[in-house]
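Each chain gets a letter, A, B and so on, in the order the sequences are listed, and its residues count up from 1.
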4 protein chains.
Amino acid sequence: MGSKRERILHAAEALFAEKGFTAATVEEVARRAGIGKSTVYEYFGSKDEIFRQTLKAGLESYLDAMKGRLKQPCSVRDVLTAIATAHFNFVKEHTFTARLLADEYNDTPWARQWLLGLRERRIAMFSSLIRQGIAEGEFRLVDPRMAAEVLLGVLNALCAPLLNGKNDGKNKDAVTIERFHRGIAIFFEGILAK
Amino acid sequence: MGSKRERILHAAEALFAEKGFTAATVEEVARRAGIGKSTVYEYFGSKDEIFRQTLKAGLESYLDAMKGRLKQPCSVRDVLTAIATAHFNFVKEHTFTARLLADEYNDTPWARQWLLGLRERRIAMFSSLIRQGIAEGEFRLVDPRMAAEVLLGVLNALCAPLLNGKNDGKNKDAVTIERFHRGIAIFFEGILAK
Amino acid sequence: MGSKRERILHAAEALFAEKGFTAATVEEVARRAGIGKSTVYEYFGSKDEIFRQTLKAGLESYLDAMKGRLKQPCSVRDVLTAIATAHFNFVKEHTFTARLLADEYNDTPWARQWLLGLRERRIAMFSSLIRQGIAEGEFRLVDPRMAAEVLLGVLNALCAPLLNGKNDGKNKDAVTIERFHRGIAIFFEGILAK
Amino acid sequence: MGSKRERILHAAEALFAEKGFTAATVEEVARRAGIGKSTVYEYFGSKDEIFRQTLKAGLESYLDAMKGRLKQPCSVRDVLTAIATAHFNFVKEHTFTARLLADEYNDTPWARQWLLGLRERRIAMFSSLIRQGIAEGEFRLVDPRMAAEVLLGVLNALCAPLLNGKNDGKNKDAVTIERFHRGIAIFFEGILAK
DNA sequence: AATGAATGAGTATTCATTCAT
DNA sequence: AATGAATGAATACTCATTCAT
């Protein structure tokens with residue numbers, strides 16, 4: 001089900017997340033996609049290209065998940081919470097993609113650049129909102145970019161248990177959305193005015 | 001300078017941090033250490049063994065950096081700040097090791113376990129202190145483990161710019177200890193009593 | 001000509017017979033088979049596997065050569081002579097395989113076990129026939145198994161000159177089937193009744 | 001005990017017999033001799049040289065064992081029996097050397113030549129005696145060289161069980177000198193006059 | 001004389017990629 | 001469009017041999 005191209009991307013996403021770029025092999029991607037090895041090359045010019053497209057798809061799917069959460073007629077905290085929640089749900093549903101997009105990807109330098117770019121975009125989005133919150137008197141006066149970085153770190157930390165080993169079910173179950181919200185509440189308490 | 005064994009570990013540390021375990025080659029480790037390829041095998045039985053020892057050395061050097069910061073006669077916040085500062089300094093001085101120890105290492109499953117273990121130890125240390133802070137009325141009532149995870153995320157986020165590309169000097173210079181302290185201040189504001 | 005798999009087995013058979021298992025290299029097997037080195041691994045999982053299959057093929061081809069010589073309506077001596085002749089012809093036509101199957105193969109312990117097994121089967125076949133010959137009064141009363149071992153030794157000794165160096169043509173030409181028969185005649189004279 | 005040189009030869013003899021020339025390593029020879037790896041090179045110029053000397057020592061020790069058995073004032077059969085007995089005892093006491101000297105050594109072409117030389121000397125010795133036995137009317141008229149080959153094969157076959165695996169004690173115990181004598185008796189019955 | 005340390009040349013094996021069908 | 005077959009280039013690891021002490 002799904003076009004061959006999609007099946008390849010799916011298989012690649014899972015495999016790259018499990019083993020990293022170098023340790024993953026085109027042969028296993030093909031096997032998991034249920035097609036012949038050389039067919040992969042009908043759709044992608046190289047292993048690098050597969051990885052690039054995998055990241056791109058993951059990125060798009062991530063940004064899609066964020067869309068529409070921004071300009072809502074409510075407090076900045078609510079907007080940020082909505083975004084954070086979207087992040088949480090994305091990680092829960094697309095664990096593999098989430099791992100691929102995790103900040104630290106120790107492999108293939110060019111991929112790191114790509115990912116750093118995404119990080120910058122997220123920070124920009126956050127800091128813009130935080131700046132607005134400060135202007136509107138909702139948050140106290142902090143360095144918006146720095147606060148944005150902190151928020152990103154908090155999101156990653158709270159989602160981290162979701163990213164490890166399929167079998168570690170216990171840990172995962174403990175990671176509820178309520179706990180997640182209590183976690184980011186610490187951040188908001190830290191920057192709210194007064 | 002330095003024993004051969006140390007030179008190998010140094011070269012390996014840098015290379016693993018740059019390329020990840022799989023993409024790094026024993027030959028390049030040897031080249032960087034300024035020795036013949038097979039000499040590496042006089043000191044380490046296999047590439048895996050090199051990696052294991054690299055992690056072990058990094059871990060020890062990290063834990064050493066934390067030592068003596070714990071039982072000081074002052075507020076819990078001060079203790080946590082001291083630990084955080086030690087973390088910051090460690091990352092600044094041992095950038096490569098720090099990257100190796102970064103929470104997400106997408107390669108070699110057994111290494112991931114090792115690193116998750118370290119993460120747990122750090123969370124345990126943090127949450128124990130936070131629990132104490134709550135008991136002493138310094139912090140408000142929060143889930144200590146959750147708060148510990150948040151703190152860890154904050155530390156990682158604030159140190160992240162130090163971990164990327166040697167050439168990106170501009171970003172690094174912007175990461176001062178003062179900024180770092182202002183960053184974790186957000187966390188403390190979020191959990192202080194009142 | 002011949003499937004790739006067969007060409008590899010052929011090349012391997014010759015090379016193993018010439019140099020032994022350890023000294024033979026996969027690269028040379030491939031070169032002799034006229035294919036790329038890695039193509040070998042499309043057909044066999046490892047060097048060990050190549051060797052195993054080579055032995056298996058040699059064994060089968062040897063046992064095939066023996067088939068149909070057993071239950072003939074004539075004297076046991078004639079049956080044994082027929083078998084011995086088949087052995088002789090096999091050695092002459094499949095010199096390399098014959099060397100592989102020679103009793104003493106100083107390399108790779110597990111191969112030795114395999115070959116000892118073959119030796120046992122041959123001895124069992126011989127001693128069974130000899131026992132029959134004794135029962136029928138054709139041979140005198142000797143330990144059948146011991147006599148079987150002796151016969152095997154005689155066969156090997158008489159075929160030995162065929163097994164060495166391709167260039168030593170002179171010696172080989174001297175080894176005729178008539179000489180071979182005169183040789184085993186000594187054995188028969190030694191065990192015939194009266 | 002014994003000079004270093006002797007200890008090396010001893011260790012090498014055992015190792016070559018176990019694994020064959022190529023699979024044996026200089027390092028293990030040194031380890032078994034209880035000396036440093038490079039010390040081996042103080043006594044032997046190369047691995048090949050060690051092998052050559054090992055064979056030479058084995059050969060000498062074998063020929064020594066045969067000495068004095070030749071010109072005795074009795075029947076040729078008795079002389080041959082004495083030689084055969086010496087062979088049997090040698091194999092029993094110097095199993096490793098015996099394996100090295102076994103007719104088929106599938107490794108290192110130049111060694112094969114050496115061993116073929118030994119084979120020729122033994123055949124020459126046997127056939128000379130057999131010729132004498134024929135001249136004296138003790139044996140019937142057979143091709144002396146061929147008979148010599150047959151005798152050699154019989155000796156090897158009867159000693160073969162002694163050459164395999166240290167642990168296979170059962171088989172070895174079954175190989176008594178009496179059984180051995182009954183075995184060669186078959187040969188003698190085959191060539192005795194009348 | 002003895003050896004620990006060092007290494008270059010090799011060896012089995014893997015894998016991204018190409019090509020004929 | 002799809003793929004089985006083929007392979008060159010790489011890579012971890014081994015080992016005979018050298019050399020400084």
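- As rounded to whole Å, 11 Å separates atom C1' of E:dT17 from atom CD1 of A:I50.
- Judged by a 6.0 Å distance limit and a 45° cone about the ring axis, B:K47 is positioned over the six-membered ring of B:F21.
- Between B:K47 and F:dC13, a side-chain N or O to OP1/OP2 separation shorter than 4.0 Å is absent.
- Under the 4.5 Å side-chain criterion, counting only non-hydrogen atoms from C-beta, B:L100 is in contact with B:F51.
- Side-chain N or O atoms of A:R7 include one that pairs as donor or acceptor with a backbone N or O of A:A33 at under 3.5 Å.
- Considering every non-hydrogen atom in both C:I8 and C:V40, the closest pair reads CD1-CA, 4.0 Å.
- Using modelled atom types, one finds a donor on one side chain and an acceptor on the other under 3.5 Å when comparing A:E13 with A:T97.
- The CD atom of C:E49 sits 15 Å away from the P atom of E:dA12 (whole-angstrom rounding).
- Atom CZ in B:R5 sits about 13 Å away from atom P in E:dA5, given to the nearest Å.
- The residue among D:G34 and B:G34 whose nearest nucleotide of DNA chain E lies closer to the 5′ end is D:G34.
- Within a 6.0 Å sphere centred on CZ of D:R31, other residues, nucleotides and ligands contribute more than 12 heavy atoms.
- Atom CD1 in D:I35 sits about 13 Å away from atom P in E:dA1, given to the nearest Å.
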ask   = Please, what dot-bracket string fits DNA chain F when only Watson-Crick and G-U pairs with both distances under 3.5 Å count, crossing ones use [ ] and pairs to another strand use |?
value = .||||||||||||||||||||
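- Residue D:A24 is classed as a sugar-phosphate contact, given heavy-atom separations below 4.0 Å to backbone atoms only.
- Taking side-chain N and O atoms only, C:K4 has a distance below 4.0 Å to OP1 or OP2 of F:dA6.
- Straight-line distance from the CD atom of B:E27 to the P atom of F:dC13: 13 Å, rounded to whole Å.
- Atom-to-atom, CD of B:E6 to P of E:dA5 comes out at 15 Å; the value is rounded to the nearest Å.
- Panel note: side chain B:E93, backbone B:F90; no donor-acceptor pair is recorded below 3.5 Å.
- The distance from atom CD1 of C:I8 to atom C1' of F:dA6 is 11 Å, rounded to the nearest whole Å.
- Contact check of residues 36-46 of chain C against DNA chain F (heavy atom, cut-off under 4.0 Å) returns C:G36, C:K37, C:S38, C:T39, C:E42, C:Y43.
- Computed from coordinates, the D:E28 CD to F:dC15 P distance equals 10 Å when rounded to whole Å.
- Side-chain contact check for D:K19 versus D:E28: some heavy-atom pair is nearer than 4.5 Å.
- Taking 4.5 Å as the limit, every side-chain heavy atom of B:F96 sits out of range of all side-chain heavy atoms of B:H10.
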